[in-house]
Each structure stands twice: as C-alpha cells, then as structure tokens.
Amino acid sequence: MGYWGYREELSRAHKLRRVYYEVLRDDLDEFVLQYGLVESYDNFKKNNMDYPFVERRELKPRARIPGQEYEEHNAFLIIFIEDTLPASYKKYIRFFDVNKTVKSNLIASGVLDLSDEFDRGWKYLDSIGFSGLLRKMLPVDYALLIQRDPVSRATDRYALSHYHVRIDWPISEAAEEMGKDLRYIIKDLYERGDKTAEDIQKKFFEMYGLPIMAGGRRTAASVAAQYLKRLNSISTVYVSSSESRSVLRFSERGISRYILVRFTLQEMLEVSEENSMNLETFTSNYVIDYEEKDGVCILRVDYDHTPPARPPQDGKIRAIKAETAWTTICNQLIMPKPGVWKYPLLSVNVVYT
C-alpha cells in the first residue's frame, strides 16, 4: 500500500481530484521538458556552443556525473502538490505571505516591474496566462510551489501560490526518517554508530538517484520529496540542474530522469522498424533537432527501488549494506516532442548497449 492512498481507496470526490491532478501534471511534464531541455539546447545553439550531451553510461545507477556547471542550461525547482500544504509545514518548507504570488510581492522582489501587466487569475493552472507566468517565474531562485487553492471550495483549482520557497529540512533528518521507514534504525540516526549513520545518509542520495555531492537544487528536491511523504496525498517534484543537464521528476511513481540523447541514423531506423513506423514519421514526431546525421531526442529513464530500499515485509530491524545497490533501471523510453498529441513513448535499450 502506498503512503498516499491508491485511487481505488479514495472517496468519489477525491478520485475525481486525483484524475484532474494527473491531467494537469501531464501538461506540466510537457512544459518542464520544453523549458528544461529543448530551450536549454536552443540556448547553446544561439551562443554557437556544442550542447554537452549526457553520456549514456551516466544514466546507470550510482554512476559518476561530471561536476561542471553550464550557465546556458535552464535550472529550476517546482513542487506540485495534490492537496494544500498544512500551515505546520512552514517550519521546513518556507511559504509565507511575503512570498505569495501577488503583484506587490513580485514587484518588491524584482520579478516584475511597474510596467508589467499582471492578472491574479494567471496563477491558476487552468488559466490561459499560466504558462506565460510560469516561464517568467522559473528563473527565480529556490522553488516554486503549486498546490490546491483552499479558497476554491466548489471545485478543485490548482495555483502557483508561492515563489522563492526554501526547503530548510536538514539532510540528516531526512535520512533519519528514511532509515526509520526502511527499518535500519528505530529512533535516532546515530543509535547504531557513526558508520551506520554515514551509510544511511549516503544511501539517502542513492535512494533519489543522486550522487553524494549533488548540487543545491537537486538536494533540496530530494529532501522535499522525502518530507512530502508525510502527506496523505501525492506530490511531484521537478528539478532541472545545469550540472547534470537533465530534468528529474520525483513522484509516487518513483524517479524519472529526462535527458537529450543523440541517435544515429541506424538507431533511428531500428527504432522506427520495431514500432511499425517509417523513418519520416519518427523524425517528425520524436526528433527535436539534428547533430550532423544524428537525431536529437528526449530520453526518459525510470528507476525502481531494490528490496533494500523498500520496507521489509517482516518489519524487523536490519543492517544496512553500503555495497548493495538501491536503484535499478526499469524503463528506457523515447519521448515524443513536446506538443505532439497522438504518438506514444517508444521503448528502447540504450544504457547498457
């Protein structure tokens, strides 16, 4: 049973809310891939720079990722919650009146100037102006918070409620809570010694598909995803990193990593043939650009957790083993271009070949 409650267990009202949330999340997925990957790629091209493609071997669990930052790569952090955050969560997720998405705050913080138009209705996801507002807000440091609007009682509406949201939950506490959930400790991170405490904190990063020395946004995203497990509803955290050149999504479905990949002409022909389509159909709907004769596509890699990263069935306390892998690849999929409507994701195997 998931901590969030499966749809079949919900009331009819909450079943409908879950469906609506997932539809809005589909649209948000498209937006973040366009902004985080396609437009980042365009930034490099405009500056006559080669795009730093992620090596396929970097997608393997526990693989080392180069530590170089790229200013041209769009970076952001978005938290999207099915319900409304309780006020008690403000202790570690900093959402206050001073960083609400209202015009006076946006002008005071320099996001907008006095000449900018602003309609408070744009903050709602079902508004025609939402994508424009979101694009303007994404470069703002820290996180954007999208949640159910508690004022809209008759219907479930979702709004970009806060910006410049800081995640202040300590990593040690996030790792401690994970360790207790997985039955490696009972009460305290250091109850079984410094070595176990250090191993649990290292495994926390592996749990979320991150290297131990991951940068600030990715660390904040993993901590937020762990903290939001306290809710009885689902949540999704998106993070784009200028170091990893990828978009990560943490949700009740697990971990997904999106990157741009070059496919040779032969690889594109093989994928087209395996999916009963001609090459022209494939390139029109899946290739965002060309690098010489190679097609540039969006690749999604999904990661699943191995038994050591899941609560034990017997509920007994167990010893942590640092050498045991906690994540494994379960899907590799070529994404259709953002905006493509009728073509599905295509299964491939490129990481281990």
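If you read the sequence from its start, that first residue is 1, and numbering goes on from there.
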Is [X] reaching over with its side chain to a backbone N or O of [Y], donor-acceptor style, under 3.5 angstrom?
{"X": "Glu252", "Y": "Ile234", "answer": "no"}
{"X": "Thr219", "Y": "Gly216", "answer": "no"}
{"X": "Ser240", "Y": "Asn74", "answer": "yes"}
{"X": "Glu176", "Y": "Leu189", "answer": "yes"}
{"X": "Glu267", "Y": "Thr264", "answer": "yes"}
{"X": "Thr101", "Y": "Ser161", "answer": "yes"}
{"X": "Asn331", "Y": "Arg300", "answer": "no"}
{"X": "Asn275", "Y": "Met277", "answer": "no"}
{"X": "Gln332", "Y": "Val350", "answer": "yes"}
{"X": "Asn47", "Y": "Met49", "answer": "no"}

From [X] [atom1] over to [Y] [atom2], what is the distance, rounded to the nearest 0.5 angstrom?
{"X": "Ser246", "Y": "Ile298", "atom1": "OG", "atom2": "CD1", "value": "12.5 Å"}
{"X": "Tyr343", "Y": "Asn285", "atom1": "OH", "atom2": "CG", "value": "5.0 Å"}
{"X": "Leu144", "Y": "Lys123", "atom1": "CG", "atom2": "NZ", "value": "14.0 Å"}

Apart from Val98 itself, residues in the same hydrophobic cluster as defined by side-chain heavy atoms under 4.5 Å
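Val98 shares its hydrophobic cluster with Phe96.
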Show which residues join Ile186 in its hydrophobic cluster (side-chain heavy-atom contacts under 4.5 Å, direct or indirect), or state none.
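Other cluster members: Ile317.
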Hey, does Phe53 have a side-chain heavy atom less than 4.5 Å from the side chain of Ile259?
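No, every pair of side-chain atoms sits at 4.5 Å or beyond.
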Is there side-chain contact between Leu228 and Ile79, with heavy atoms separated by less than 4.5 Å?
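Yes, close enough: below the 4.5 Å cut-off.
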Under the side-chain contact (heavy atoms from CB on, under 4.5 Å) test, which residues partner Ala325, sequence neighbours left out?
Arg62, Glu206
Cation-pi check, Arg56 to Phe263: give yes when NZ or CZ is under 6.0 Å from the six-membered ring centre and within 45° of the ring axis, no otherwise.
yes
Is it true that the NZ or CZ of Lys100 lies under 6.0 Å from the centre of Phe95's six-membered ring and within 45 degrees of the ring axis?
no
Any idea how Phe31 and Tyr35 line up, ring-wise: parallel (<30°), tilted (30 to 60°), or perpendicular (>60°)?
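Geometry flag for Tyr35 against Phe31: parallel rings.
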Should the pair Phe44 and His73 be assigned to parallel (<30°), tilted (30 to 60°) or perpendicular (>60°) ring geometry?
perpendicular
Please tell me whether Val23 and Ile146 are part of a single hydrophobic cluster in this structure, the criterion being side-chain heavy atoms less than 4.5 Å apart.
no
Flag yes if Tyr142 and Val111 sit in one hydrophobic cluster, no otherwise; membership is Ile, Leu, Val, Met, Phe, Trp, Tyr, and two members link when side-chain heavy atoms are under 4.5 Å apart.
no
Assess the residue pair His14 and Arg18 against the criterion (side-chain contact (heavy atoms from CB on, under 4.5 Å)); give the C-alpha distance rounded to whole Å, side-chain angles, the decisive distance to 0.1 Å, and a yes or no.
CA-CA 6 Å; His14 284 177; Arg18 177 67 54 83; over 6 Å; no
Count the heavy atoms of every other residue, nucleotide or ligand shown that sit under 6.0 Å from CZ of Arg318, and state whether that count exceeds 12.
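Yes, enclosed.
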In terms of heavy-atom contacts, does CD of Glu22 have more than 12 from other residues, nucleotides or ligands at under 6.0 Å?
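It does: Glu22 CD has more than 12 such atoms within range.
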Any salt bridge between [X] and [Y], counting N to O under 4.0 Å?
{"X": "Glu72", "Y": "Arg245", "result": "no"}
{"X": "Asp141", "Y": "Arg217", "result": "yes"}
{"X": "Asp304", "Y": "Arg310", "result": "yes"}
{"X": "Glu198", "Y": "Lys202", "result": "yes"}
{"X": "Asp199", "Y": "Lys195", "result": "yes"}
{"X": "Glu177", "Y": "Lys229", "result": "no"}
{"X": "Asp83", "Y": "Arg17", "result": "yes"}

Regarding Gln266 and Glu270, is there a side-chain donor-to-acceptor distance under 3.5 Å anywhere?
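Per modelled atom types, Gln266 and Glu270 side chains form a pair under 3.5 Å.
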Under a plain distance cut-off of 3.5 Å, with no hydrogens placed, do Gln147 and Thr84 share a side-chain donor-acceptor pair?
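Gln147 and Thr84 do not have a side-chain donor-acceptor pair below 3.5 Å.
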Considering all heavy atoms of both residues, which atom of [X] and which atom of [Y] are nearest to each other, and what is their separation?
{"X": "Asp181", "Y": "Gln226", "value": "OD2-NE2, 3.8 Å"}
{"X": "Leu10", "Y": "Lys15", "value": "O-CE, 3.4 Å"}
{"X": "Ser244", "Y": "Arg218", "value": "CB-NH1, 3.8 Å"}
{"X": "Phe282", "Y": "Ser272", "value": "CB-OG, 3.2 Å"}
{"X": "Asp29", "Y": "Val32", "value": "O-CG2, 3.2 Å"}
{"X": "Asn105", "Y": "Asp97", "value": "ND2-O, 2.8 Å"}

Side chain to side chain donor-acceptor pair (under 3.5 Å) against Tyr163, all qualifying residues, sequence neighbours excluded:
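Partners of Tyr163 under the side chain to side chain donor-acceptor pair (under 3.5 Å) test: Ser109.
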Can you list the residues that meet the side chain to side chain donor-acceptor pair (under 3.5 Å) rule with Arg7, with sequence neighbours excluded?
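Testing Arg7 for side chain to side chain donor-acceptor pair (under 3.5 Å), a comparison that skips the adjacent residues, returns none.
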Check whether the ring centres of Phe80 and Tyr21 lie less than 6.0 Å apart, and answer yes or no.
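Centroid separation for Phe80 and Tyr21: below 6.0 Å.
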Please report the C-alpha distance between Leu77 and Val237 in whole Å, then the side-chain angles of each, then the deciding distance to 0.1 Å, and finally whether the side-chain contact (heavy atoms from CB on, under 4.5 Å) criterion is met.
CA-CA 7 Å; Leu77 175 55; Val237 180; 3.7 Å; yes
Quick one, Tyr41 with Glu291, criterion side chain to side chain donor-acceptor pair (under 3.5 Å). Give me CA distance, side-chain angles, the key distance, then yes/no.
CA-CA 11 Å; Tyr41 177 85; Glu291 295 274 338; 2.8 Å; yes
Go through the steps for Phe118 and Ile107 under the test side-chain contact (heavy atoms from CB on, under 4.5 Å), then give the verdict.
CA-CA 10 Å; Phe118 180 77; Ile107 291 174; over 6 Å; no
Applying side chain to side chain contact (heavy atoms under 4.5 Å, CB included) between Val301 and each of Leu333, Ile329, Val261, Ile255, report the one that passes.
Ile329
Can you name the one residue among Leu260, Val296, Asn43, Asp42 that meets side chain to side chain contact (heavy atoms under 4.5 Å, CB included) with Tyr51?
Leu260
Suppose the criterion is ring pair (Phe, Tyr, Trp, His ring centres under 6.0 Å): which pairs have a residue in residues 317-341, not counting sequence neighbours?
Tyr184-Trp326
